[in-house]
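Reckoned from all heavy atoms, side chains included, excluding hydrogens, waters and symmetry mates. Residue numbering restarts at 1 for every chain, and letters A, B, ... go by the order of the sequence lines.
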Amino acid sequence: MNVPVDAPVAVLKVENLSKSFRRGSIWGGGISHKAVDDVSFALEEGETLAIVGESGSGKSTTARLAMRLLDADAGSVHLQGEDITLAGGKELRIKRKDIQMVFQDPFASLNPRMKIIETVGEGLRVHHSEMNREQRREKVAETLALCGIGEEALDRYPHQFSGGQRQRIGIARALIVEPKVLVLDEPVSALDVSVQAQILNLLKKIQAERNLSYLFISHDLSVVRHIANRVLVMFEGSIVEQGAVADLFANPQHAYTQDLLAARPINHPRERQQPATA
Amino acid sequence: MADHLSETKAIQSLELRELSLSVPIGGEHVEAVSGVSLILKPGRVLGLVGESGCGKSLTAQAMLRLGEHQGVQREGGDILLDGESLFSMDDDTLRSVRGGRVSMVFQEPMTALNPVFSIGSQITEVIRLHLDMDKKQAAQRTVKLLQDVGMPDPEAVMKQYPDALSGGMRQRVLIAMAMAADPAYIIADEPTTALDVSVQKRIIQLLRNLQRERDLGMLLVTHDFGLVAEMADDVAVMYAGQIVESGNVEQIFDRPTHPYTRALMGCRPEVSEPGSSLPVIAGQVPPPGSWAIGCHFAERCPLADSACSEPVAMGAWSDGEHQARCLHADMKLPELEAQL
């Protein structure tokens, strides 16, 4: 690829990432299965890069490798120009301040025994140990407010919130340490369509305000078309196609991308294909 | 329809009539389905659309009187199968109806199959429960059913266990089971939600073909307007325990009328301008027990006024068979709030 001289430094850059898992009997043995195979991409400042694929395509594994939640078998991860492929312990913890994750299931990803103030404020204890209780509380309230959650939430528990509210809380928890990159793993897949719209709008607003970069993992092409600037299509561990969102949707090149697009639900009963058999 | 009971033989439908159901919440029974009327007719697909918590799954289960052992109670109304009330049937008759004349396909193909029995034994069990067949005949019918749902090697699949099959294949097995006793009606509750998009499309086509070939009456419960556009002939939109709009599928897509239907269809990313702000409805669906006496949607509705605090009848707005439970359905919606 030709890179212009004044090209912005990628906030997150992964090169030739590979990861295998051993699949098989609990007694050992089994076959090695390549979940991610030679994946490279760069995420620029302020952009949304989507990874699309079906279950088993390796998209979530790729996200976890990029976050260093999993160790790659081969390849490298650079965060803001620094190699974090082998970073560990304290060094990794410090680096993680810049890259935070939002999970799919807002029911499973919040600790049911922790109050919202504790869950959302946890990152501050790690990364801003100089803050006292009041400062933390103020910062948590401010971040929750940005995500559309009122101050009365602070001393409540996750079960007292709806799915959409929990996802807002999950986003606030990721934002509290002011990261540069959010890795969003199917962040709206578990939500109703009207709530999904609220969360997508929220993500757009925050991105514009903070110039955040999003790595957006999704199986839903309509959501991706709406939110992403660029798309990577993954199939069986590899990237089979990538491009700007408008190009890829208008003119898919790879057969798998074409199949995926053709399988999208229709928008109006008039678009129905007549059944082949009478 | 006063002489309805005297002509039960002639009536072919599975009907909910003004059905109200309550569920136990914190020791109290709270109304969760409020006066719902629906009719399934042979050869037609009725799409029941709504968001989580609106009561659509409870309504679907009620069509077979399921959920009662979990404390769901009928508060009023009736369920009629070809004119006969499900509440007048004894337990044996009811058991023969379930999986017999009326069967179900659920969302989760993982949990709906028993992991310790082979696919073959689970399907033949259903066949022998409902049809007068010996083992050999039932096995032959199982092979035929698996072929009908597009399983490549039926004999081999019969010997397999559920964990050997992919999600899409499991859903095909469940559909085969639902067809086992030649039902007249089928209740499909989010039948494709747990599947990958490419698999979804194939399962949708399979369901449509089977439904047409066998002239089935189908209730399709879903949150997904795309699925409704693919499959439904008629549509009922549910919000907070009530049907708020109904009509045939073209009417609903050409002219969504209730403010909730309009908002729900408008906030889909499928129909949005990429990168734009999606129009959204402020707030959230009120849970059972906190519904208003008047229109359930009023507190979130940009058109609501004082008249909406009185109960609103279904059909307050109507155009032929297209009906809405709204007093202001003819008013233009202001730009929905583009909040956050």
Any side-chain heavy-atom pair of [X] and [Y] under 4.5 Å:
{"X": "A/Gln196", "Y": "B/Val280", "answer": "no"}
{"X": "A/Ser194", "Y": "B/Leu264", "answer": "yes"}
{"X": "B/Leu227", "Y": "A/Pro265", "answer": "no"}
{"X": "A/Val193", "Y": "B/Glu51", "answer": "yes"}
{"X": "A/Gln198", "Y": "B/Gln284", "answer": "no"}
{"X": "A/His226", "Y": "B/Leu278", "answer": "yes"}

Quick one: does any side-chain atom of B/Asp196 pair with a main-chain N or O of A/Glu54 as donor and acceptor, under 3.5 Å?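 The answer is no, because no donor-acceptor pair under 3.5 Å joins these two groups.
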Do A/Arg225 side-chain atoms and B/Pro269 backbone N/O form a donor-acceptor pair below 3.5 Å?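 Answer holds: yes.
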NE2/A/His219 to CG/B/Leu195 distance, rounded to the nearest 0.5 angstrom?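 With rounding to 0.5 Å, NE2 (A/His219) is 10.0 Å from CG (B/Leu195).
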Rounded to the nearest 0.5 Å, what's the gap from CZ on B/Phe253 to CG on A/Asn267? Could you check?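 Atom-to-atom, B/Phe253:CZ and A/Asn267:CG are 8.0 Å apart.
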[X] portion near chain B, given a 4.5 angstrom heavy-atom threshold:
{"X": "A/Gln165", "answer": "side chain"}
{"X": "A/Ala228", "answer": "neither"}
{"X": "A/Arg270", "answer": "side chain"}

Any ion pair linking B/Lys201 and A/Asp259 (charged N to carboxylate O, less than 4.0 Å)?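 B/Lys201 and A/Asp259: not salt-bridged.
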